[in-house]
Peer 1: 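Questions regarding the structure given below will be posed in turn.
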Amino acid sequence: MYEKLNLIKSICANCKKCELSKSRTNVVFSGGIPNSKLMLIGEAPGYWEDMKGEPFVGKAGQLLDKIFACVGLSRQKDVYICNTIKCRPPENRNPLPEEKDACREYLDAQIEILKPKIILICGNVALNTMLPNEHGITKARGKWFDGPFNSKMMPIFHPSYLLRNDSREKGSPKWLMWQDIKEIKRVYDLIE
Ligand code: URA
Ligand code: SF4
């Protein structure tokens, strides 16, 4: 598993399949821990991710770590983290369809090698990639979908969205995220 991932990672590190290769500092292949239980697919590297070559290391990433910690999960031991595309789009614009298409093979390889039981689809960009027939994260979040290799996929809000919505009231995005992470942990604990 590690050898296969490392091979794809080394190919990806030199990838010039789309225009984003010209503006990136680092390719951001993955973070967390390779495992066959839990994978999270985010959007794209931002400023700090591009600088450090690690996913979710900025403010959104810190919130993500806190959310996992609420249910006793951590990226050091439980979660494999990757993004829909591996290079930062200039000014954090949304990835273009041709960039997503070009990068898709790396994401597919990550899924195929790890065969995670649970895949978290974090935000609208990942949702459009993994579940193109769903219409928006607000409707799709919190539901289980059948995913590749017999996985269960759950769309969840992106932590950047939670950072822009501070309320914790019942029905607010943060409150909904709390429901979702508890459900995710419940199913996670059922996997041996
Ligand atoms: N947002 C993402 O979707 N991915 C990252 O790696 C960082 C921020
Ligand atoms: Fe290659 Fe993906 Fe980076 Fe484009 S975004 S250069 S396809 S690794």
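Note that ligands are numbered from 1 as they come in the structure, with each ligand's atoms numbered from 1 the same way.
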Peer 1: With a cut-off of 4.0 Å, which atoms of ligand 2 are near a heavy atom of R24?
Peer 2: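 Once the distances to R24 are compared, the set is 3 (Fe), 6 (S).
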Peer 1: Counting non-hydrogen protein atoms only, what is the nearest one to atom 1 (N) of ligand 1? Give residue, atom name and distance.
Peer 2: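 Residue, atom and distance for the closest contact: H158 NE2, 3.3 Å.
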Peer 1: Do me a favour and list the nearest non-hydrogen protein atom to atom 4 (N) of ligand 1 with residue, atom name and distance?
Peer 2: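 So the nearest neighbour among protein heavy atoms is N83 OD1, 2.8 Å.
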Peer 1: Indicate if L40 and I191 have the same hydrophobic cluster label, given that clusters are the connected sets of ILVMFWY residues with side-chain heavy-atom separations under 4.5 angstrom.
Peer 2: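 Yes; tracing contacts between hydrophobic side chains, which count when under 4.5 Å, links both residues.
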Peer 1: Is it possible for you to check whether K37 lies under 6.0 Å from the centre of the six-membered ring of Y188, through NZ or CZ, and within 45° of that ring's axis?
Peer 2: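 The answer is yes; both the distance and angle limits are met.
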Peer 1: Does NZ or CZ of K115 fall inside the cone over F149's six-membered ring, less than 6.0 Å from its centre and within 45° of the axis?
Peer 2: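 That pair qualifies as a cation-pi contact.
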Peer 1: Cation-pi check for Y106 against K17: NZ or CZ below 6.0 Å from the six-membered ring centre and within 45 degrees of the axis, yes or no?
Peer 2: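 Output yes; distance and angle both within limits.
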Peer 1: Would you check whether P55 has a nitrogen or oxygen atom less than 3.5 angstrom from a nitrogen or oxygen atom of ligand 1?
Peer 2: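 No, since none of the N or O atoms of P55 sits under 3.5 Å from an N or O of ligand 1.
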Peer 1: Out of all atoms in ligand 1, which are within 4.0 Å of some heavy atom of E43? Include the element for each.
Peer 2: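 So the atoms of ligand 1 that pass are 2 (C), 3 (O).
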Peer 1: Can you check whether E49 has an N/O within less than 3.5 Å of an N/O in ligand 1?
Peer 2: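 Between E49 and ligand 1, no N or O pair is found under 3.5 Å apart.
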Peer 1: Measuring from atom NZ of K185 to atom CD1 of I118, what distance do you get when rounded to the nearest 0.5 angstrom?
Peer 2: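 So the gap between those two atoms works out to 10.5 Å.
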Peer 1: Taking only non-hydrogen atoms of G61, do any sit less than 4.0 angstrom from ligand 1?
Peer 2: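 Per 4.0 Å heavy-atom rule, G61 does not contact ligand 1.
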Peer 1: Is A44 touching ligand 1 with its side chain, its backbone, both, or neither, if touching means heavy atoms under 4.0 Å apart?
Peer 2: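 Backbone only.
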Peer 1: In terms of hydrophobic clusters joined by side-chain contacts under 4.5 Å, are F157 and L63 together?
Peer 2: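 Per the 4.5 Å side-chain linkage, F157 and L63 are co-clustered.
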Peer 1: List nothing but the number: protein N/O/S atoms under 2.8 Å from atom 1 (Fe) of ligand 2.
Peer 2: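 With waters ignored, the protein N/O/S count below 2.8 Å is 1.
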Peer 1: Quick one: list whatever passes ring pair (Phe, Tyr, Trp, His ring centres under 6.0 Å) with F56, sequence neighbours left out.
Peer 2: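 Scan of F56 (ring pair (Phe, Tyr, Trp, His ring centres under 6.0 Å), adjacent residues dropped) gives H158.
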Peer 1: Could you list the atoms of ligand 1 found under 4.0 angstrom from a heavy atom of G42?
Peer 2: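 Those atoms are 3 (O).
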Peer 1: Can you tell which of I41, I111, L114, V28 makes a side-chain contact (heavy atoms from CB on, under 4.5 Å) with C82?
Peer 2: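 Single side-chain contact (heavy atoms from CB on, under 4.5 Å) partner of C82 among I41, I111, L114, V28: I41.
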Peer 1: Check each of E99, E43, E19 against R93 using the salt bridge (Lys or Arg N to Asp or Glu O under 4.0 Å) test, and report the only one that passes.
Peer 2: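 Going through the options one by one, the only one that passes is E99.
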Peer 1: For the residue pair S151 and P116, what are the closest heavy atoms and their distance?
Peer 2: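 Distance-wise, the nearest heavy atoms are CB-O, 3.1 Å.
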